[in-house]
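See below for the structure under consideration.
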2 protein chains.
Amino acid sequence: MHVEATPEKPRPNLAAVAALAGVSPSTASLAFSGSGPVSAATRTRVLDAAAQLDYAGPDPRAQSLRRGRSGIIGVVIEDRLRDAFRDPMNIAMLDGIADETGSLGAGLLLLTENGEGAASIRNAPVDAVVLIGCSTSFAAQVAIFRQRGIALVAIEAEPMDDVLAIDLDNRQASHTLARHLASLGHRCVAMVTLPLDAARTRGPLTEEAIEAATGYTARERIRGVREVFAGSSGVSATVSSIEEGLLAGLELLADRDTRPSAVIAQSDLLAVGVIRAAEQLGLAVPADLSIVGFDGVKLDGLAPYDLTTMVQPAVEKGRAAGRGVIALLSGEHPRAVSFTSRFHRGTTTAPPRVAS
Amino acid sequence: MHVEATPEKPRPNLAAVAALAGVSPSTASLAFSGSGPVSAATRTRVLDAAAQLDYAGPDPRAQSLRRGRSGIIGVVIEDRLRDAFRDPMNIAMLDGIADETGSLGAGLLLLTENGEGAASIRNAPVDAVVLIGCSTSFAAQVAIFRQRGIALVAIEAEPMDDVLAIDLDNRQASHTLARHLASLGHRCVAMVTLPLDAARTRGPLTEEAIEAATGYTARERIRGVREVFAGSSGVSATVSSIEEGLLAGLELLADRDTRPSAVIAQSDLLAVGVIRAAEQLGLAVPADLSIVGFDGVKLDGLAPYDLTTMVQPAVEKGRAAGRGVIALLSGEHPRAVSFTSRFHRGTTTAPPRVAS
DNA sequence: CGGTTCGATCGAATCGATTCGATACGTCCC
DNA sequence: GGGACGTATCGAATCGATTCGATCGAACCG
C-alpha cells in the first residue's frame with residue numbers, strides 16, 4: 001500500500017473535531033476549556049476525535065480575538081537587544097518580571113523602542129506592557145499605549161496618569177554617594193551619566209543637555225549629585241556598558257589640568273569602564289582617583305577592586321512590575337511602588353591626593 | 001460646561017470608523033493597509049474619522065486571526081530566564097536572531113521549556129520558533145510544534161525532519177581542543193560538560209549518564225574529546241555559569257590522587273569557574289592545571305588569564321537562524337547551515353607538570 | 001456613440017473559537 | 001401526576017478585521 005501525502009494539509013479546527021465527535025462546536029469548546037458542564041463520555045469522545053484528526057488544541061489567535069486577551073506581556077527595551085542585555089540590571093529586572101508573570105502563564109514579548117512592523121509598539125498583540133528603566137522616549141510611548149488601551153507599568157519613569165510607576169530612590173541614592181565623596185574631602189567630582197535622551201550621544205554634560213534630557217533616571221541621579229556638588233559636570237554615555245565607560249572615562253580624564261579627583265558613574269558597568277580608563281592613564285584607584293558606581297552588580301573579575309556603589313534591588317523591581325501587571329489585568333488599581341538603594345562602601349574611594 | 005467621562009469606553013473598531021467616514025468597512029480596511037486602490041480623498045476621510053474616534057489602528061488580534069499570522073517568533077530558552085541570559089552566548093544568538101527578524105517586523109516571544117498557560121509552547125501565538133542551543137528536551141518540543149504546524153529552526157540540535165538545523169562543528173572543535181592538550185603531553189584530562197538532560201543534575205560523568213544524555217551539544221562535544229582521550233570522564237553541570245563551573249571544578253579537583261592534569265570545560269563560563277576552583281585549591285594555571293573552554297566569549301576581568309578556547313560565531317548563528325525563519329515563513333525550503341569554530345590559543349594551557 | 005477597460009467602492013463570506021440564552025430530558029418531591 | 005429543578009447539549013451571535021468577487025461610473029477609443 002502506498003501512502004499518498006496530500007501536499008495541502010489543512011489544519012483541523014474545533015468545528016471539524018466537533019463534527020467527528022458528533023457534538024456541536026460549543027460542546028467541543030466546553031470539553032477543551034473545561035469551563036462548563038460536560039459529561040465524561042462526551043469529553044472523551046471529543047478528545048478522541050481530536051487525537052484522530054491530530055488536532056493540536058484551540059487556535060490561540062482565535063482565542064485571543066474572542067477573549068480580548070492574548071496572554072502576552074510586552075517588555076520595551078532599548079533599541080539594540082545586545083546593549084540592553086549587556087547590563088545585568090536589565091536581565092535581573094526581566095527575570096523578576098518573568099518570575100511573577102510566569103505564574104499567570106503569560107509570555108514576554110521583547111519590543112524595541114522604535115521597531116516597525118507587526119510587533120512594534122504600535123501593534124503588538126499585548127495585554128500589558130512594562131517599560132523597563134531609563135527609557136528616553138517615554139512620553140511618546142505612553143501616548144501610543146494609552147490610545148491602544150493597554151495597561152502600562154513603567155520602571156523608573158516620570159510619574160504619569162494611567163501608568164503604574166515602579167520607582168527607585170535615584171536622587172536620594174546619588175545624593176548619598178556624593179555626600180560620601182564630599183565627606184572624604186573631594187571637591188572636584190565629575191559624572192558619567194546614562195543616556196540623556198533618545199539621541200544617545202556621548203558628550204560633555206552641558207547645562208542645555210541636562211535641561212533637555214528626557215532620560216528620567218539620568219536626570220534624577222544628576223540632580224542628586226548636584227545637591228551636593230552644585231554645578232558639577234561630566235560626560236553622558238550612549239549606553240550602559242564597560243566599553244562606553246572606558247571611552248567616557250578617557251574623555252573625562254584626558255586633560256590632567258581639568259581632571260576631577262572623583263568620578264560618579266551612573267552604573268556599575270560605566271564605573272568599571274572608568275576604572276579601566278584610569279588604569280590606562282596610569283592613575284591609581286582610589287589613590288589618584290575615587291570612583292563610585294550605581295546598581296550593585298556583582299561584577300565577577302573586577303578584582304582586586306570592590307566598587308563603592310549603591311546596591312539596588314533589581315530583581316525585586318522586576319517582580320513588583322510583574323505583580324503590577326497582574327493586578328492591572330485583573331482590574332485592580334495597584335499603587336505605585338518605590339524601592340530604596342543601599343550604600344555599599346567598597347575600596348574604590350579614598351580621600352583625594354593632596355594637590356602637589 | 002462639564003465633561004462627563006463615561007466609565008466604560010468601548011474601543012472603537014474599524015466598522016465604527018468606516019461608518020463615521022461614510023464608507024464600507026472594506027474600504028476603510030483598504031485605506032489603512034494601503035493594499036488596494038483607494039482614492040486620496042477617501043483615505044483622508046477615513047484617517048480623519050479614525051483620529052476623531054481616537055482609533056489606534058486595526059486590532060492585531062483580529063488581524064492575526066484573519067491573516068493566519070501573528071508576526072511573532074518564539075524563542076525557546078532554558079527554564080530560568082536568568083540562567084539563560086547569564087551566558088553571553090545565548091544573548092549573542094538572541095541578538096543575531098533579532099537582527100534578521102527585526103527587518104521583517106517580527107517580535108521575539110520568550111518561551112521557556114516547560115512553561116504553562118497562555119504562552120507555553122503548546123499555545124503561544126507564534127508563526128515560527130527558534131530552539132536555542134543545548135535544549136535537553138528537544139524531541140518533545142519538536143513534536144508539539146510539528147503538530148501545531150509551526151515552522152521550526154533549531155540551533156545545535158539533532159537533525160530532524162521539518163526542522164531547519166543551524167549547526168556547529170561541536171565534535172570536531174572539541175576534538176581540536178583535545179588534540180591540543182594531547183600534543184602538550186596531557187594524558188589525564190577531565191571534562192566539565194553542559195547539562196546532559198532535562199533533569200540538569202550535577203554529577204559524575206558515568207557511561208550510563210552519557211548514554212542517556214539528550215543534550216545534543218554536550219554529547220557531541222564529549223564525543224569529540226573521547227576521540228582523543230578514549231574513556232575520559234568528568235562532571236556534568238546544571239547550567240552554564242561561572243558558579244556552576246566553580247562547583248564542578250571543586251568536585252573534580254578535590255581529590256589530589258585522581259586529579260586530572262587538564263580540564264576541558266564545555267563553555268567559557270564553566271572554564272572560568274574551574275579556574276576559580278583551581279585558585280581556591282592553590283593550583284597554578286596552567287602550571288599545575290591546564291584549562292580550556294568553549295565559545296570564545298570575551299570575558300572581561302578574566303585577566304591575567306587568556307583562555308584557550310574554540311571561538312564560535314554566536315551572533316552569526318543567530319543571524320542564520322533568523323534568516324532561516326524568514327525563509328521558512330515565505331514558503332522556501334532553506335538548507336541546513338553549519339558553522340565552524342576557530343581555535344584560540346591562550347595562556348591557560350601548558351605541558352603537564354612532571355609527576356613528582 | 002456604443003463597447004471596453006480601469007479604478008474605486010461595496011457586500012458578504014471567512015478566519016476559529018467562546019459564550020449566553022434556550023432547549024430537551026431526567027429526576028425529585030409533594 | 002405535575003410542577004420545579006438541574007444537567008447536558010445545542011444555536012446563534014460575536015470578537016474585529018481581511019479579501020474575493022461584484023458593481024457602478026467614468027474615461028477612453030475606434
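Chain identifiers are assigned alphabetically (A, B, ...) following the order of the sequence lines, protein sequences preceding nucleic acid strands; residue numbering begins at 1 within each chain.
In this structure the side chain of Thr214(A) never reaches within 4.5 angstrom of the side chain of Phe138(A), judged on heavy atoms. Two residues are said to be in side-chain contact when any heavy atoms from C-beta on lie closer than 4.5 Å; Leu152(B) and Ile150(B) fail this criterion. Looking at heavy atoms from C-beta onward, Phe85(B) lies out of side-chain contact with Asp95(A) at the 4.5 angstrom threshold. A 4.5 Å side-chain heavy-atom check between Asn90(B) and Glu78(B) finds at least one atom pair inside the cut-off. Side-chain contact between Val46(A) and Val23(A) is present, with heavy atoms from C-beta onward closer than 4.5 Å. A heavy-atom distance below 4.5 Å is found between the side chains of Arg146(B) and Asp161(B). Contact annotation: the side chain of Ser29(A) approaches that of Leu14(A) to within less than 4.5 Å [non-hydrogen atoms, C-beta and beyond]. Contact check for Lys317(A) versus Glu156(A): side-chain heavy atoms found under the 4.5 Å cut-off.
By the 6.0 Å contact criterion, CZ on Arg122(B) is open, its count of non-hydrogen atoms from other residues, nucleotides or ligands being 12 or less.
Taking the screw axis at each terminus of the helix from dC1(C)-dG30(D) to dC30(C)-dG1(D) from five consecutive base pairs, the angle between the two is 50° to within rounding of 10 degrees.
We find that CG of Asn123(B) is positioned 13 Å from C1' of dA17(C), with the value rounded to whole Å. Residue Arg11(A) contributes atom CZ, which lies 21 Å from atom P of dT14(C) at whole-angstrom precision. One atom, CG of Leu14(A), and another, C1' of dT19(C), lie 13 Å apart when rounded to the nearest Å.
Arg319(B) pairs by the side chain to side chain donor-acceptor pair (under 3.5 Å) definition with Asp99(B), Glu316(B), not counting sequence neighbours.
Between Val325(A) and Ala128(A), the shortest heavy-atom contact is CG1-CB, 3.9 Å.
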Q. Are Asp59(B) and Asn13(B) close enough, and set up right, to give a side-chain contact (heavy atoms from CB on, under 4.5 Å), and what steps lead you there?
A. CA-CA 8 Å; Asp59(B) 185 324; Asn13(B) 57 16; over 6 Å; no
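Nucleic acid contact class of Thr42(B) (heavy atoms, under 4.0 Å, all strands): sugar-phosphate only.
Sorted by first and then second residue, the ring-ring contact (aromatic ring centres under 6.0 Å, His included) pairs with a member in residues 23-76 of chain B read Phe32(B)-Tyr55(B); sequence neighbours excluded.
Taking every heavy atom of residues 19-31 of chain B and every atom of DNA chain C, pairs under 4.0 Å involve Gly22(B), Val23(B), Ser24(B), Ser26(B), Thr27(B), by number. Contacts between residues 49-73 of chain B and DNA chain C, defined by a heavy-atom separation below 4.0 Å, involve Leu65(B), Arg66(B), listed by number.
Proximity of Ser39(A) to the phosphate of dT9(D): a side-chain N or O atom is located under 4.0 Å from OP1 or OP2.
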(Q) Across nucleotides 21-26 of chain C, 5' to 3', mark each nucleotide with B, S or - according to how protein heavy atoms within less than 4.0 Å reach it. (A) ------
